[in-house]
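Notes for the one structure printed next.
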Amino acid sequence: MNNYTKNTEQLDRELVLRVQHGDKAAFDLLVIKYQHKIIQLVNRYVKDRNEAQDVAQEAFIKAYRAIGSFRGEAAFYTWLYRIAINTAKNDLVSRSRRHSNYQVDIQEVEIYENAPQLQDMDTPETDLLNQEILATIKKTIEGLPEEMRVAIILCEFDGLSYEAIAQAMNCPVGTVRSRIFRAREAIDNELTPLLTHGNFQ
Amino acid sequence: MSEKISRFLDDDLNYDETLGLLQVITEQPEMKDKLKRYAAVSHAMKTNDFLWVSTDFSMQINQEIQQTPVDGFLQINKKLLN
(Lines give C-alpha, C1' and ligand atoms only; values in the text may rest on other atoms or scores of the structure.)
Protein backbone atom coordinates (compact mmCIF):
# COMPACT_ATOMS: atom_id res chain seq x y z
CA MET A 1 0.00 0.00 0.00
CA ASN A 2 1.51 3.34 -0.99
CA ASN A 3 1.30 6.52 1.10
CA TYR A 4 -1.35 7.95 -1.19
CA THR A 5 -3.76 5.04 -0.64
CA LYS A 6 -2.88 4.92 3.04
CA ASN A 7 -3.74 8.59 3.46
CA THR A 8 -7.08 8.13 1.66
CA GLU A 9 -8.06 5.17 3.80
CA GLN A 10 -6.96 6.83 7.02
CA LEU A 11 -8.83 10.02 6.25
CA ASP A 12 -11.97 8.11 5.28
CA ARG A 13 -11.79 6.15 8.53
CA GLU A 14 -11.54 9.37 10.50
CA LEU A 15 -14.54 10.82 8.67
CA VAL A 16 -16.46 7.61 9.31
CA LEU A 17 -15.62 7.87 13.02
CA ARG A 18 -17.10 11.35 13.03
CA VAL A 19 -20.24 10.05 11.31
CA GLN A 20 -20.45 7.26 13.87
CA HIS A 21 -20.39 9.98 16.53
CA GLY A 22 -23.31 11.73 14.93
CA ASP A 23 -21.60 14.23 12.60
CA LYS A 24 -23.86 13.98 9.57
CA ALA A 25 -21.95 16.68 7.70
CA ALA A 26 -18.93 14.37 7.63
CA PHE A 27 -21.04 11.88 5.72
CA ASP A 28 -21.89 14.66 3.25
CA LEU A 29 -18.19 15.02 2.54
CA LEU A 30 -17.90 11.28 1.88
CA VAL A 31 -20.93 11.48 -0.43
CA ILE A 32 -19.38 14.30 -2.47
CA LYS A 33 -16.06 12.50 -2.57
CA TYR A 34 -17.46 9.23 -3.88
CA GLN A 35 -20.76 10.11 -5.59
CA HIS A 36 -19.33 10.12 -9.12
CA LYS A 37 -17.61 6.77 -8.70
CA ILE A 38 -20.70 5.20 -7.17
CA ILE A 39 -23.12 6.57 -9.79
CA GLN A 40 -20.80 5.38 -12.54
CA LEU A 41 -20.55 1.97 -10.91
CA VAL A 42 -24.34 1.68 -10.59
CA ASN A 43 -24.75 2.94 -14.16
CA ARG A 44 -23.07 -0.27 -15.34
CA TYR A 45 -26.04 -2.17 -13.96
CA VAL A 46 -28.89 0.27 -14.34
CA LYS A 47 -29.95 1.62 -17.71
CA ASP A 48 -30.18 5.35 -17.45
CA ARG A 49 -28.50 8.04 -15.43
CA ASN A 50 -31.57 9.21 -13.55
CA GLU A 51 -32.26 5.67 -12.40
CA ALA A 52 -28.59 5.21 -11.60
CA GLN A 53 -28.62 8.33 -9.42
CA ASP A 54 -31.71 7.05 -7.55
CA VAL A 55 -30.04 3.71 -6.90
CA ALA A 56 -26.77 5.38 -5.89
CA GLN A 57 -28.72 7.55 -3.43
CA GLU A 58 -30.28 4.44 -1.96
CA ALA A 59 -26.83 2.87 -1.65
CA PHE A 60 -25.49 5.89 0.26
CA ILE A 61 -28.50 5.86 2.59
CA LYS A 62 -28.01 2.14 3.23
CA ALA A 63 -24.33 2.80 3.92
CA TYR A 64 -25.22 5.52 6.40
CA ARG A 65 -27.68 3.27 8.19
CA ALA A 66 -25.10 0.50 8.37
CA ILE A 67 -22.14 2.70 9.21
CA GLY A 68 -22.21 1.63 12.84
CA SER A 69 -21.07 -1.79 11.68
CA PHE A 70 -18.14 -0.43 9.69
CA ARG A 71 -15.02 -1.37 11.64
CA GLY A 72 -12.36 -0.26 9.23
CA GLU A 73 -11.18 -3.76 8.34
CA ALA A 74 -11.57 -2.85 4.67
CA ALA A 75 -11.25 0.55 3.08
CA PHE A 76 -14.41 2.63 3.31
CA TYR A 77 -14.71 2.76 -0.47
CA THR A 78 -14.44 -1.03 -0.77
CA TRP A 79 -17.25 -1.36 1.76
CA LEU A 80 -19.37 1.27 0.00
CA TYR A 81 -18.66 -0.35 -3.38
CA ARG A 82 -20.13 -3.67 -2.22
CA ILE A 83 -23.23 -1.94 -0.85
CA ALA A 84 -23.69 -0.10 -4.15
CA ILE A 85 -23.35 -3.27 -6.23
CA ASN A 86 -25.81 -5.15 -4.04
CA THR A 87 -28.27 -2.26 -4.19
CA ALA A 88 -27.99 -2.14 -7.98
CA LYS A 89 -28.51 -5.89 -8.29
CA ASN A 90 -31.53 -5.77 -5.97
CA ASP A 91 -32.94 -2.93 -8.05
CA LEU A 92 -32.58 -4.98 -11.23
CA VAL A 93 -34.26 -7.98 -9.65
CA SER A 94 -37.17 -5.94 -8.29
CA ARG A 95 -37.64 -4.22 -11.66
CA SER A 96 -37.63 -7.54 -13.48
CA ARG A 97 -40.33 -8.78 -11.08
CA ARG A 98 -42.45 -5.68 -11.67
CA HIS A 99 -42.11 -5.73 -15.43
CA SER A 100 -42.23 -9.07 -17.17
CA ASN A 101 -40.54 -7.58 -20.26
CA TYR A 102 -37.62 -6.34 -18.15
CA GLN A 103 -35.71 -9.57 -18.10
CA VAL A 104 -32.30 -9.25 -16.58
CA ASP A 105 -29.51 -11.73 -16.35
CA ILE A 106 -27.40 -10.45 -13.49
CA GLN A 107 -24.52 -12.76 -14.31
CA GLU A 108 -24.50 -11.32 -17.79
CA VAL A 109 -24.46 -7.81 -16.33
CA GLU A 110 -21.52 -8.68 -14.12
CA ILE A 111 -19.41 -9.48 -17.17
CA TYR A 112 -19.62 -5.81 -17.99
CA GLU A 113 -18.59 -4.65 -14.56
CA ASN A 114 -15.43 -3.03 -15.88
CA ALA A 115 -17.05 -1.69 -18.99
CA PRO A 116 -18.62 1.72 -19.48
CA GLN A 117 -22.36 2.20 -19.07
CA LEU A 118 -24.45 -0.69 -20.33
CA GLN A 119 -26.75 1.60 -22.19
CA ASP A 120 -26.67 5.34 -22.09
CA MET A 121 -30.13 6.84 -22.16
CA ASP A 122 -29.09 10.51 -22.26
CA THR A 123 -31.15 12.77 -24.48
CA PRO A 124 -29.42 14.15 -27.59
CA GLU A 125 -29.43 17.63 -25.98
CA THR A 126 -27.73 16.40 -22.82
CA ASP A 127 -25.31 14.40 -24.88
CA LEU A 128 -24.44 17.45 -26.97
CA LEU A 129 -23.88 19.57 -23.86
CA ASN A 130 -21.72 16.86 -22.31
CA GLN A 131 -19.61 16.79 -25.45
CA GLU A 132 -19.29 20.56 -25.31
CA ILE A 133 -18.21 20.40 -21.67
CA LEU A 134 -15.62 17.70 -22.41
CA ALA A 135 -14.32 19.73 -25.35
CA THR A 136 -14.03 22.83 -23.12
CA ILE A 137 -12.08 20.89 -20.52
CA LYS A 138 -9.74 19.52 -23.20
CA LYS A 139 -9.24 22.91 -24.84
CA THR A 140 -8.55 24.62 -21.51
CA ILE A 141 -5.97 21.98 -20.57
CA GLU A 142 -4.26 22.36 -23.94
CA GLY A 143 -4.06 26.12 -23.40
CA LEU A 144 -2.51 25.91 -19.93
CA PRO A 145 1.13 26.81 -19.32
CA GLU A 146 3.22 23.65 -19.65
CA GLU A 147 4.03 23.21 -15.94
CA MET A 148 0.33 23.41 -15.02
CA ARG A 149 -0.70 21.14 -17.89
CA VAL A 150 1.85 18.46 -16.99
CA ALA A 151 0.93 18.60 -13.29
CA ILE A 152 -2.82 18.19 -13.86
CA ILE A 153 -2.27 15.43 -16.44
CA LEU A 154 0.03 13.47 -14.12
CA CYS A 155 -2.51 13.91 -11.33
CA GLU A 156 -5.78 13.18 -13.13
CA PHE A 157 -4.83 10.96 -16.06
CA ASP A 158 -1.93 9.08 -14.50
CA GLY A 159 -3.23 9.14 -10.93
CA LEU A 160 0.13 10.10 -9.42
CA SER A 161 0.37 11.45 -5.87
CA TYR A 162 1.65 14.98 -5.30
CA GLU A 163 4.93 13.55 -4.03
CA ALA A 164 5.40 11.47 -7.19
CA ILE A 165 4.55 14.47 -9.38
CA ALA A 166 7.03 16.61 -7.46
CA GLN A 167 9.74 14.03 -8.15
CA ALA A 168 8.79 13.75 -11.82
CA MET A 169 8.74 17.53 -12.26
CA ASN A 170 11.72 18.15 -10.00
CA CYS A 171 9.95 20.75 -7.86
CA PRO A 172 8.64 21.03 -4.29
CA VAL A 173 5.30 19.43 -3.36
CA GLY A 174 3.91 22.88 -2.54
CA THR A 175 4.53 23.94 -6.14
CA VAL A 176 2.66 20.86 -7.38
CA ARG A 177 -0.31 21.71 -5.15
CA SER A 178 -0.38 25.22 -6.50
CA ARG A 179 -0.04 24.16 -10.17
CA ILE A 180 -2.83 21.61 -9.90
CA PHE A 181 -5.07 24.07 -8.10
CA ARG A 182 -4.45 26.80 -10.69
CA ALA A 183 -5.16 24.35 -13.51
CA ARG A 184 -8.46 23.40 -11.87
CA GLU A 185 -9.35 27.05 -11.36
CA ALA A 186 -8.68 27.76 -15.04
CA ILE A 187 -10.94 24.88 -16.07
CA ASP A 188 -13.58 25.94 -13.56
CA ASN A 189 -13.59 29.51 -14.88
CA GLU A 190 -14.20 28.27 -18.42
CA LEU A 191 -16.78 25.74 -17.38
CA THR A 192 -18.93 27.68 -14.92
CA PRO A 193 -20.74 29.80 -17.59
CA LEU A 194 -21.43 26.65 -19.59
CA LEU A 195 -22.86 24.86 -16.56
CA THR A 196 -25.00 27.87 -15.65
CA HIS A 197 -26.23 28.20 -19.22
CA GLY A 198 -26.88 24.46 -19.44
CA ASN A 199 -28.99 24.68 -16.30
CA PHE A 200 -26.82 22.29 -14.29
CA GLN A 201 -27.79 22.82 -10.68
CA MET B 1 -9.79 27.62 0.65
CA SER B 2 -10.28 26.68 -3.01
CA GLU B 3 -6.80 25.15 -2.99
CA LYS B 4 -7.89 22.98 -0.07
CA ILE B 5 -10.84 21.76 -2.13
CA SER B 6 -8.41 20.79 -4.85
CA ARG B 7 -6.15 19.04 -2.36
CA PHE B 8 -9.11 17.25 -0.75
CA LEU B 9 -9.94 15.64 -4.10
CA ASP B 10 -6.39 14.34 -4.28
CA ASP B 11 -6.35 13.12 -0.66
CA ASP B 12 -3.64 15.60 0.23
CA LEU B 13 -5.37 17.15 3.25
CA ASN B 14 -4.65 15.96 6.74
CA TYR B 15 -7.47 15.33 9.19
CA ASP B 16 -7.52 18.80 10.74
CA GLU B 17 -7.48 20.47 7.35
CA THR B 18 -10.33 18.20 6.23
CA LEU B 19 -12.36 19.23 9.25
CA GLY B 20 -11.70 22.87 8.38
CA LEU B 21 -12.94 22.24 4.86
CA LEU B 22 -15.97 20.43 6.22
CA GLN B 23 -16.81 23.47 8.31
CA VAL B 24 -16.45 25.79 5.34
CA ILE B 25 -18.59 23.78 2.93
CA THR B 26 -21.25 23.46 5.62
CA GLU B 27 -21.39 27.23 6.06
CA GLN B 28 -20.74 28.36 2.49
CA PRO B 29 -22.89 26.70 -0.19
CA GLU B 30 -20.82 28.33 -2.96
CA MET B 31 -17.75 26.45 -1.73
CA LYS B 32 -19.72 23.22 -1.75
CA ASP B 33 -20.74 23.99 -5.34
CA LYS B 34 -17.12 24.56 -6.22
CA LEU B 35 -16.18 21.22 -4.68
CA LYS B 36 -18.90 19.56 -6.77
CA ARG B 37 -17.64 21.21 -9.96
CA TYR B 38 -14.04 20.25 -9.23
CA ALA B 39 -15.16 16.68 -8.51
CA ALA B 40 -17.18 16.51 -11.74
CA VAL B 41 -14.23 17.77 -13.80
CA SER B 42 -11.84 15.39 -12.07
CA HIS B 43 -14.17 12.50 -12.87
CA ALA B 44 -14.59 13.70 -16.47
CA MET B 45 -10.84 13.82 -16.98
CA LYS B 46 -10.42 10.30 -15.68
CA THR B 47 -13.35 8.78 -17.59
CA ASN B 48 -14.00 11.13 -20.54
CA ASP B 49 -17.57 11.32 -19.31
CA PHE B 50 -19.01 14.42 -17.69
CA LEU B 51 -21.33 13.21 -15.00
CA TRP B 52 -23.19 16.06 -13.34
CA VAL B 53 -24.72 15.22 -10.01
CA SER B 54 -27.60 17.51 -9.11
CA THR B 55 -27.77 19.39 -5.82
CA ASP B 56 -30.79 17.26 -4.99
CA PHE B 57 -28.58 14.18 -4.87
CA SER B 58 -26.81 14.94 -1.61
CA MET B 59 -29.76 17.00 -0.32
CA GLN B 60 -32.12 14.03 -0.52
CA ILE B 61 -29.56 11.77 1.12
CA ASN B 62 -29.18 14.40 3.80
CA GLN B 63 -32.94 14.64 4.38
CA GLU B 64 -33.15 10.88 4.66
CA ILE B 65 -30.27 10.52 7.10
CA GLN B 66 -31.57 13.34 9.29
CA GLN B 67 -34.36 10.94 10.22
CA THR B 68 -31.94 8.19 11.18
CA PRO B 69 -31.06 8.18 14.87
CA VAL B 70 -27.39 7.98 15.71
CA ASP B 71 -27.66 6.39 19.16
CA GLY B 72 -27.04 2.95 17.74
CA PHE B 73 -23.73 4.10 16.31
CA LEU B 74 -22.30 5.36 19.56
CA GLN B 75 -22.42 2.07 21.39
CA ILE B 76 -20.65 0.24 18.59
CA ASN B 77 -18.19 3.02 18.20
CA LYS B 78 -17.02 3.05 21.83
CA LYS B 79 -15.36 -0.29 21.12
CA LEU B 80 -13.49 1.25 18.24
CA LEU B 81 -12.16 4.09 20.35
CA ASN B 82 -11.09 2.00 23.35
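Only a predicted model underlies this, so the values are computations on that prediction, with no experimental measurement involved. Chain naming here is simple, since letters A, B, ... match the order of the sequence lines and numbering starts at 1 in each.
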Using the side-chain contact (heavy atoms from CB on, under 4.5 Å) rule, take B:F50 and A:T136 through it: C-alpha gap first, then chi angles, then the decisive distance, then the call. CA-CA 11 Å; B:F50 187 78; A:T136 303; over 6 Å; no
Is there a side-chain contact (heavy atoms from CB on, under 4.5 Å) between B:V53 and A:I32 once you walk through the steps? CA-CA 9 Å; B:V53 184; A:I32 294 172; over 6 Å; no
Residues A:L191, B:R37; criterion side-chain contact (heavy atoms from CB on, under 4.5 Å); working and verdict: CA-CA 9 Å; A:L191 217 56; B:R37 289 197 304 275; over 6 Å; no
How far apart are the C-alpha atoms of A:R184 and B:E3, what are their side-chain angles, what is the distance that settles it, and do they pass the salt bridge (Lys or Arg N to Asp or Glu O under 4.0 Å) test? CA-CA 9 Å; A:R184 285 189 169 132; B:E3 185 169 327; over 6 Å; no
A:H36 and B:T47: CA distance, side-chain angles, deciding distance, side-chain contact (heavy atoms from CB on, under 4.5 Å) verdict: CA-CA 10 Å; A:H36 290 91; B:T47 61; over 6 Å; no
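From B:T26, atom OG1 reaches atom CG of A:D23 across 7.5 Å, with rounding to the nearest 0.5 Å. Note that OH of A:Y162 and CG of B:D12 are 5.5 Å apart. Values are rounded to the nearest 0.5 Å. For the atom pair CH2 of B:W52 and CD1 of A:I133, the computed distance is 8.5 Å after rounding to the nearest 0.5 Å. Atoms NZ and OG1, from B:K34 and A:T192 in turn, are 7.0 Å apart once rounded to the nearest 0.5 Å. Interatomic distance, B:L19 CG to A:L15 CG, rounded to the nearest 0.5 Å: 7.0 Å. In this structure, the separation between CD1 on A:I61 and CG on B:N62 is 10.0 Å, given to the nearest 0.5 Å.
Judged purely by atom type and a 3.5 angstrom limit, A:K33 has no side-chain atom pairing as donor or acceptor with the backbone of B:L9.
A:I39 is listed as a side-chain neighbour of B:F57, based on a closest heavy-atom distance under 4.5 Å. Under the 4.5 Å side-chain criterion, counting only non-hydrogen atoms from C-beta, A:Y64 is not in contact with B:I61. Two residues are said to be in side-chain contact when any heavy atoms from C-beta on lie closer than 4.5 Å; B:M45 and A:I187 meet this criterion.
Heavy atoms of B:T18 lying under 4.5 Å from chain A belong to its backbone as well as its side chain. Heavy atoms of A:E58 lying under 4.5 Å from chain B are absent altogether. With a 4.5 angstrom heavy-atom cutoff, A:L29 touches chain B via backbone and side-chain atoms both. Interface residue B:L51: backbone and side-chain heavy atoms are both found under 4.5 Å from chain A. With a threshold of 4.5 angstrom between heavy atoms, A:R18 approaches chain B through side-chain atoms but not through N, CA, C or O. Using a 4.5 Å cut-off between heavy atoms, A:I153 does not touch chain B at all. Heavy atoms closer than 4.5 Å to chain B are found in the side chain of A:I137, but not in its backbone. Proximity to chain A is limited to the backbone of B:N14, based on heavy atoms less than 4.5 angstrom apart.
B:K46 forms no cation-pi arrangement with A:F157, by the criterion of a distance under 6.0 Å to the ring centre and an angle within 45° of the ring axis.
No other option in A:Q53, A:K37, A:Q131 has as many heavy-atom pairs under 4.5 Å with chain B as A:Q53.
Between B:S6 and A:F181, the shortest heavy-atom distance links the atoms OG-CA, 3.7 Å.
Side-chain contact annotation: A:Q35 with B:S58, donor-acceptor N/O pair under 3.5 Å absent. For the residue pair B:Y38 / A:D188, no side-chain donor-acceptor distance below 3.5 Å is found, with atom types taken as modelled.
The number of heavy atoms from other shown groups lying within 6.0 Å of CD (B:E17) is above 12. At most 12 heavy atoms of other shown residues, nucleotides or ligands fall within 6.0 angstrom of atom CD in A:E146. Within a 6.0 Å radius of CG in A:N170, other residues, nucleotides and ligands contribute 12 heavy atoms or fewer.
Using a 4.0 Å cut-off between charged side-chain N and carboxylate O, B:E64 and A:K62 make no salt bridge. With salt bridges taken as basic N to acidic carboxylate O contacts below 4.0 Å, none links A:R177 and B:D10.
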